[in-house]
Enquirer: 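Please read through the structure below; I'll follow up with questions.
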Amino acid sequence: MVYVFEPTNLALCAIVTVGMQLSFFIVAATCKFDKVTDFAGGTNFVVLALLTLFMAQTYEVHQIVATALVVLWGIRLSGYLLYRIIKIGEDKRFDGNRENIIRFAIFWIFQAVWVFTVSLPVIINNTAKNAVVDVTFSVLQIIGTVLFCLGLLIETIADFQKFAFRNNPDNAGKFCDAGVWKWSRHPNYFGEILLWWGMFIYSTSILDGWEWVAVLSPVFITFILLFGSGMPLLEAGSDKKYGGLDSYRAYKSQTSPLIIMPPSIYRSIPGLLKCLFCLELPFYNSLDKAGSAEPNEESEIVRS
């Protein structure tokens, strides 16, 4: 076993994360360059997973599997986001922020916190202390693996379906209702949340005492996507852009905001139950405040 500062290597992981994000921030801020931003986040997860596995030098099955899952997710996500930003050329999230070094830095600080916090289950799982010499997976590890793989599959399919939709010139000005987006307004976020809860469940077989802080990983990502910079901003933006379309209003009323389910089932659920169990939260709806632009041929929904 090799460790720096302390046996869990949490401090080392924090230092590596800050170092990586600071390095990419300097490049991005100096060159006014958007193309490394999301790539820096995804690859940081890969680095932490591999670093903790190799530092522990125990290489137990449950550690190798957890590392492989996170590496697969990180490579897929960072590769996809890098390819996407190269294709579109500029990240509109940073419009007005590139010239403000403080506001730009806040994003990178948040990204460092995101990477470190969400990586907690795999970091703790990979410590030498938690090396369990047992080739047989526990029930929780099996459940966690299934949830992670299912979430990764959903997120991957959703990302590529929307990317293909956006890159089709015939869909210019239209909102996406293709593939899994027909059954959820944010299927990629559903996959993201599912896979990190899966990784946490996977790690619970070896967690002890303070190590249960790993629950911050799925709680953090769920909170950010549901209440922070994820769904609230996207829902408000879509309502503003498409709120004048009857087809969009119909789509929103019959499509689950997060959990994938057939519209025929979602329509039949009472409003209170939608709010409590399907996360159809009041602040996701700003249609009354949305513009009333007249629908036109280029802004109508595309049915798959």
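As a basis for the values below, the full set of heavy atoms in this structure was taken, side chains included, without hydrogen atoms, waters or symmetry mates.
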Enquirer: Quick one: pull up OG in S119 and CH2 in W196 and give me the separation to the nearest 0.5 Å.
Expert: 5.5 Å
Enquirer: Indicate the atoms forming the closest heavy-atom contact of C13 with T52, along with that distance.
Expert: SG-CG2, 3.4 Å
Enquirer: With no hydrogens and no angle check, just 3.5 Å: does a side-chain donor-acceptor pair link D239 and Y248?
Expert: yes
Enquirer: Taking the side chain as C-beta and beyond, is there a heavy-atom pair between L207 and T204 under 4.5 Å?
Expert: yes
Enquirer: Quick one: closest heavy-atom pair of M231 and P257, and the distance?
Expert: CE-O, 3.7 Å
Enquirer: Yes or no on side chain to side chain contact (heavy atoms under 4.5 Å, CB included) for F200 and V219, after CA distance, side-chain angles and deciding distance?
Expert: CA-CA 10 Å; F200 168 69; V219 169; over 6 Å; no
Enquirer: Does N9 form a side chain to side chain contact (heavy atoms under 4.5 Å, CB included) with L51? I'd like the steps, not just the answer.
Expert: CA-CA 9 Å; N9 283 316; L51 176 66; over 6 Å; no
Enquirer: For the SG atom of C149 and the CD1 atom of I154, what is their distance to the nearest 0.5 Å?
Expert: 11.5 Å
Enquirer: Nearest 0.5 Å, please: how far is CZ in F110 from CD in Q21?
Expert: 11.5 Å
Enquirer: Which pair of heavy atoms, one from Q141 and one from S205, lies closest together, and at what distance?
Expert: CG-OG, 3.7 Å
Enquirer: As a quick check of understanding, evaluate side chain to side chain contact (heavy atoms under 4.5 Å, CB included) for L120 and L10, giving each step before the final call.
Expert: CA-CA 8 Å; L120 284 173; L10 282 171; 3.8 Å; yes
Enquirer: To the nearest 0.5 Å, tell me how far M20 CE sits from L22 CG.
Expert: 11.5 Å
Enquirer: Which class fits the ring pair F175 and Y251: parallel under 30°, tilted 30 to 60°, perpendicular over 60°?
Expert: tilted
Enquirer: Does the side chain of C275 reach to within under 4.5 Å of the side chain of L281, using non-hydrogen atoms?
Expert: yes
Enquirer: Before we go on, tell me: are the rings of F107 and W114 under 6.0 Å apart, centre to centre?
Expert: no
Enquirer: Between Y284 and K252, what is the shortest heavy-atom contact and its length?
Expert: O-NZ, 2.6 Å
Enquirer: Assess the side chains of T222 and W197: does a donor N or O sit below 3.5 Å from an acceptor N or O?
Expert: yes
Enquirer: What's the spacing between I26 CD1 and W108 CH2 if we round to 0.5 Å?
Expert: 10.5 Å
Enquirer: Main chain of F163, side chain of R84: is a donor-acceptor contact present, judged purely on distance under 3.5 Å?
Expert: no
Enquirer: Does L233 belong to the same Ile/Leu/Val/Met/Phe/Trp/Tyr cluster as I221, with side-chain heavy atoms less than 4.5 Å apart forming each link?
Expert: no
Enquirer: Using every non-hydrogen atom in the two residues, find where F116 and A14 come nearest and quote the distance to one decimal.
Expert: CE1-N, 3.7 Å
Enquirer: For a quick test of reading the model, state the closest non-hydrogen atom pair linking N188 to E155 and the distance between them.
Expert: O-CG, 3.8 Å
Enquirer: Given side chain to side chain contact (heavy atoms under 4.5 Å, CB included), test C278 with I269 step by step and report yes or no.
Expert: CA-CA 9 Å; C278 301; I269 300 176; 3.9 Å; yes
Enquirer: Checking side-chain contact (heavy atoms from CB on, under 4.5 Å) against N126, which of V70, T58, I64, L53 comes through?
Expert: L53
Enquirer: Do any N or O atoms from the side chain of N125 and from the backbone of S203 form a donor-acceptor pair under 3.5 angstrom?
Expert: no
Enquirer: Only one of E280, Q254, K274 passes side chain to side chain donor-acceptor pair (under 3.5 Å) with Y266; say which it is.
Expert: E280
Enquirer: Quick check: is W183 connected to F277 through a chain of hydrophobic side chains (ILVMFWY, heavy atoms under 4.5 Å apart)?
Expert: yes
Enquirer: Could you tell me the separation between the CG atom of L77 and the CZ atom of F39, rounded to the nearest 0.5 Å?
Expert: 11.0 Å
Enquirer: Taking I124's backbone N and O only, do any of them form a donor-acceptor pair with T127's side chain (distance below 3.5 Å, no angle check)?
Expert: yes
Enquirer: In terms of hydrophobic clusters joined by side-chain contacts under 4.5 Å, are V27 and I102 together?
Expert: no
Enquirer: Out of E211, E60, Q63, H62, which one pairs with N130 under the side chain to side chain donor-acceptor pair (under 3.5 Å) rule?
Expert: E211
Enquirer: Does some side-chain heavy atom of L279 sit less than 4.5 Å from a side-chain heavy atom of L226?
Expert: yes
Enquirer: Could you tell me how the ring of F104 sits relative to the ring of F25: parallel (under 30°), tilted (30 to 60°) or perpendicular (over 60°)?
Expert: tilted
Enquirer: With a 4.0 Å cut-off, would you call D159 and R76 a salt bridge?
Expert: yes
Enquirer: Say whether Y202 and L150 are linked into one hydrophobic cluster, either directly or through other cluster members, by side-chain heavy-atom distances under 4.5 angstrom.
Expert: yes
Enquirer: Spell out, yes or no, whether F45 and V18 are grouped together once hydrophobic residues are joined by side-chain heavy atoms under 4.5 Å, including indirect joins.
Expert: no
Enquirer: So, S256 side chain and S184 main chain: donor-acceptor pair closer than 3.5 Å or not?
Expert: no
Enquirer: Evaluate the ring planes of F227 and F283, with Trp represented by its six-membered ring, and classify them as parallel (under 30°), tilted (30 to 60°) or perpendicular (over 60°).
Expert: tilted
Enquirer: Decide yes or no for V65 and F137: does some side-chain heavy atom of the first lie under 4.5 Å from some side-chain heavy atom of the second?
Expert: yes
Enquirer: Considering the options L258, L225, L195, V180, which one meets the side-chain contact (heavy atoms from CB on, under 4.5 Å) requirement together with F190?
Expert: L258
